[in-house]
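Down below is the structure, laid out as structure tokens.
In what follows, every heavy atom counts, from backbone to side chain, and hydrogens, waters and symmetry copies are set aside. Throughout, protein chains are lettered first and strands after them, A, B, ... in sequence-line order, and every chain is numbered starting at 1.
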Protein chains: 2
Amino acid sequence: MRDATLRDVARVAGVSARTVSNVVNGYARVTEHTRQKVERALLEVNYRPNVLARNLARGRSGQIAVVVPYLDTPYFSELLQAIIPPAREHGYNVLIDQTDGDPAHERELISRGARAFLFDGMILSPLGLAQEDLVEIDPDLPLVILGERVSNGVFDHVGIDDVEASRAATAHLIGLGRRRVAAIGDQPYPTGEAAQLRTRGYRRAHADAGLPVDESLIIPTPRFNRADGSGAMRELLAREDPPDAVFCYSDLVALGALRAVLDHGLRVPEDIALIGYDDIEEGRYSNPTISTISPDKAAIATTAVERLVRRIASAEPPQGIEVRADHRLIARESTVGRTVDENSAGLPEKVPDAD
Amino acid sequence: MRDATLRDVARVAGVSARTVSNVVNGYARVTEHTRQKVERALLEVNYRPNVLARNLARGRSGQIAVVVPYLDTPYFSELLQAIIPPAREHGYNVLIDQTDGDPAHERELISRGARAFLFDGMILSPLGLAQEDLVEIDPDLPLVILGERVSNGVFDHVGIDDVEASRAATAHLIGLGRRRVAAIGDQPYPTGEAAQLRTRGYRRAHADAGLPVDESLIIPTPRFNRADGSGAMRELLAREDPPDAVFCYSDLVALGALRAVLDHGLRVPEDIALIGYDDIEEGRYSNPTISTISPDKAAIATTAVERLVRRIASAEPPQGIEVRADHRLIARESTVGRTVDENSAGLPEKVPDAD
DNA sequence: CTGAAAGCGCTAACAT
DNA sequence: ATGTTAGCGCTTTCAG
């Protein structure tokens, strides 16, 4: 049986399509009497609005795209999980895309090629946008970028203060008495500006403590995953003068590094202390648990959605703004060991949520 | 500047809209000459088809929904990651939804209420569909269900042989000489049929080995996450006669259980051996690494997409079929310890992919 | 092989 | 407050 259309409802209710539309969308005021009639008809024919037709008529898709490098990276899936509910509250469906580490794919998405009209705006967690990529962005695409502003100020950015968070993480290690603190995750090339912010914080902590930076302890990695972390750590362990602590640019890197340290027969944190970044759930269960920088993911998610919705609504794109969500340092076993610490020790009865 | 429409292109090229449409979609054959003309016009006005209009005219959305209980559960995010590429190859966008553990939400999605027309079909990883929920399903919704068939045979199901895989996992533990093998993750109620298949395999392994099943060692959990795993494990550890091995119904459960065992001061696998299910990447990096049942996720993903696409294409829904993807048991440290084993020991130079 | 034109189902002027 | 109707931009039947 064909789906009932607005006209069918109108006919059954003995009113015009316009009135039915009004009732369905709650636009203009409608007499209580007609409303009742219409609603009865609505039920009678089991009317379900055709979203496709509505979208075409309204000239918008009612969808927003969320683009992340990898869907199976816990930080991103946790973020996505947090983005969907507020998006839905604003009436948007979420279209998820992964760039799969492919910059070309990323550029294609932001230039909107064939899939224009399919989403009204985009929340992008850039893999790496170099200055010159920005020009490829469809200027009419409402866009919110996840992560700190690195290049220009045209778009909205939502993230945490990476430099400060990284400084705090490094300072935490130095405060524990460690003197050879390594860093894993630098990306010293144009698309790695986000990673470079972390490195800047790392340097700042050293400067604050009056400590020199051993440049050879800053290990670059192409991504922020487990394999990169363990590979870099192995490299560090092979040296004659291995570090006694490592600031890892993601929890995944820290987890990979942890595995390498343990495989090497050393202990964490006794021999080498490790701190990560992101506060993914996995780090609350690993052995040892991973100290980390915990960004307020819920705040990032809701803020990003709100900014995007606003951008979509306003005809003229407002000035790009910069939102800094909160973050905090959580000391767990990988730096302070198994003390009975307020934040971390042992396995909590209830696992604290990141948000 | 307004986006160029098909008509604009037609005018510039001096042909009709029909012809432009033909060129764009590669439908009917078009003279080389006109084709050239049209293509030049296409570029000249920078034409991008309006997907919304196309969808309305075609009467389909070009989108499929993939519904999972939780987006941030590694098994699901890894599966989603694998589903998107084949879906895109078939010309579909993927709309991701999470039910958040809410059966009501799940029912709403399968009955397609307000969001009908938004997706042409659905791949559903059911939270728990009881017999009576099936009637709520929109009969016209092309649907592929992830996981083994538990109830009726109307829909396509794609999964692995849960009973056999669970039997093998349990047999692996028994083969290691363990005699008190517990199971964490049973769900002895109508919506837990999937979990019950695992329990059936667990029982079968015992029967095969001529071992009695100690019913008190089968611990139910509401979900398959880390917290459930550690909670259940603590319960087991508090007993006078704790188990010497545990078959966990997911890797996450195993990871949670692992944490509890270590917190209790016991060793894995020396004191208690642990095996999980799903083969998520995390289990290849944990300490110790987690033995597991590895489903062929890539096969599950591509098969599910293919079946769904076929269902969408055929007017009359074919008989529901049952696809069983491959799986294999991977023995890692949590059962066999740190032997130099072909599959598992140490940290591989390259982390094997699940697919 | 190409043109003309009728929808797809809804929205939103415009009119009453 | 409600009716009339012209689009939204594309697909596709029907002619030619």
Side-chain angles (χ1 to χ4, degrees), chain A residues 1-39 41-42 45-63 91 112 114-120 140, chain B residues 1-39 41-42 45-63 91 112 114-120 140:
Chain A
M1 192 190 65
R2 208 182 93 275
D3 275 297
T5 76
L6 209 56
R7 277 191 163 62
D8 296 330
V9 180
R11 191 162 21 73
V12 172
V15 300
S16 80
R18 170 68 207 253
T19 302
V20 178
S21 177
N22 279 343
V23 171
V24 172
N25 295 301
Y27 273 174
R29 252 184 304 288
V30 179
T31 326
E32 193 48 32
H33 179 63
T34 28
R35 140 158 292 119
Q36 303 251 335
K37 265 197 315 193
V38 172
E39 272 168 355
L42 244 25
V45 302
N46 183 29
Y47 173 73
R48 291 179 304 187
N50 183 323
V51 192
L52 265 38
R54 170 180 296 172
N55 289 343
L56 175 59
R58 284 191 181 155
R60 12 160 303 173
S61 68
Q63 302 191 132
R112 249 200 188 160
R115 303 175 58 226
F117 303 96
L118 215 52
F119 42 86
D120 302 327
D140 293 328
Chain B
M1 191 190 66
R2 208 181 95 274
D3 275 296
T5 76
L6 209 56
R7 277 192 164 61
D8 297 330
V9 180
R11 191 161 21 73
V12 172
V15 300
S16 80
R18 169 70 207 249
T19 304
V20 179
S21 178
N22 279 345
V23 172
V24 171
N25 295 301
Y27 272 174
R29 254 184 303 287
V30 180
T31 328
E32 192 49 31
H33 179 63
T34 28
R35 139 159 293 118
Q36 302 250 335
K37 265 197 314 192
V38 172
E39 271 168 356
L42 245 24
V45 303
N46 183 30
Y47 173 74
R48 291 179 303 188
N50 184 324
V51 192
L52 264 39
R54 169 179 296 172
N55 288 343
L56 176 59
R58 286 189 180 158
R60 13 159 303 174
S61 67
Q63 301 191 133
R112 265 218 279 206
R115 303 175 59 225
F117 303 96
L118 213 52
F119 41 87
D120 302 327
D140 293 328

Calculate, to the nearest 0.5 Å, the distance between atoms CG and CD belonging to Leu52(B) and Gln63(A) respectively. 8.0 Å
For [X] versus [Y], what's the shortest heavy-atom pair and its separation?
{"X": "Arg54(A)", "Y": "Val24(A)", "answer": "NH2-CG1, 3.8 Å"}
{"X": "Val51(B)", "Y": "Phe117(A)", "answer": "N-CB, 4.0 Å"}
{"X": "Val12(B)", "Y": "Ala41(B)", "answer": "CG1-CB, 3.8 Å"}
{"X": "Ala17(B)", "Y": "Leu6(B)", "answer": "O-CD2, 4.0 Å"}
{"X": "Asn25(A)", "Y": "Arg58(A)", "answer": "OD1-NH2, 3.4 Å"}

Qualifying residues under side-chain contact (heavy atoms from CB on, under 4.5 Å), relative to Ala116(B), sequence neighbours excluded: Arg48(A), Arg112(B)
Set out, line by line, the N/O atom pairs under 3.5 Å between protein and nucleotides 13-15 of chain D.
| from | atom 1 | to | atom 2 | distance (Å) |
| --- | --- | --- | --- | --- |
| dT13(D) | O4 | Arg18(B) | NH1 | 2.7 |

Proximity to the side chain of [X] - top-ranked nucleotide from [options]:
{"X": "Arg58(A)", "options": "dT12(D), dG3(D), dT11(C)", "value": "dT11(C)"}
{"X": "Asn50(B)", "options": "dT11(C), dC10(D), dT2(C)", "value": "dC10(D)"}
{"X": "Leu6(B)", "options": "dT2(D), dG3(D), dT11(D)", "value": "dT11(D)"}
{"X": "Arg7(A)", "options": "dC8(D), dT2(C), dT5(D)", "value": "dT5(D)"}

Quick one: label [X] by what it contacts on the DNA or RNA (base, sugar-phosphate, nothing), any heavy atom closer than 4.0 Å.
{"X": "Asn25(A)", "result": "sugar-phosphate"}
{"X": "Tyr47(A)", "result": "sugar-phosphate"}
{"X": "Ser21(B)", "result": "base"}
{"X": "Val51(A)", "result": "nothing"}

Interatomic distance, [X] [atom1] vs [N] [atom2] [rounded to whole Å]:
{"X": "Arg11(B)", "N": "dT2(C)", "atom1": "CZ", "atom2": "C1'", "result": "19 Å"}
{"X": "Leu52(A)", "N": "dG9(C)", "atom1": "CG", "atom2": "P", "result": "10 Å"}
{"X": "Asp8(B)", "N": "dC8(D)", "atom1": "CG", "atom2": "P", "result": "11 Å"}
{"X": "Arg54(A)", "N": "dG9(C)", "atom1": "CZ", "atom2": "C1'", "result": "11 Å"}
{"X": "Leu56(B)", "N": "dT11(D)", "atom1": "CG", "atom2": "P", "result": "11 Å"}
{"X": "Arg35(B)", "N": "dC1(C)", "atom1": "CZ", "atom2": "C1'", "result": "12 Å"}
{"X": "His33(A)", "N": "dT2(D)", "atom1": "NE2", "atom2": "C1'", "result": "13 Å"}
{"X": "Asn55(A)", "N": "dT11(C)", "atom1": "CG", "atom2": "P", "result": "9 Å"}

Over the length of the helix from dC1(C)-dG16(D) to dT16(C)-dA1(D), how much do the five-pair end axes diverge, rounded to 10 degrees? 30°
Go through the side-chain N and O atoms of Asn55(B) and Ser61(B) and say whether any donor and acceptor fall under 3.5 Å apart. no
Where each residue is assigned the nucleotide of DNA chain C containing its nearest heavy atom, which of Ala17(B) and Thr31(B) is assigned the position nearer the 5′ end? Thr31(B)
With a 4.0 Å limit, can you tell me whether [X] has a side-chain N or O closer than that to the phosphate oxygens OP1/OP2 of [N]?
{"X": "Thr34(B)", "N": "dT2(C)", "answer": "yes"}
{"X": "Thr19(B)", "N": "dG3(C)", "answer": "yes"}
{"X": "Ser16(B)", "N": "dG3(C)", "answer": "yes"}

Would you check, one step at a time, whether the test side chain to side chain contact (heavy atoms under 4.5 Å, CB included) holds for Val38(B) with Val15(B)? CA-CA 8 Å; Val38(B) 172; Val15(B) 300; 4.0 Å; yes
Hey, does the side chain of Asp8(B) reach the backbone of Thr5(B) with a donor-acceptor pair shorter than 3.5 angstrom? yes
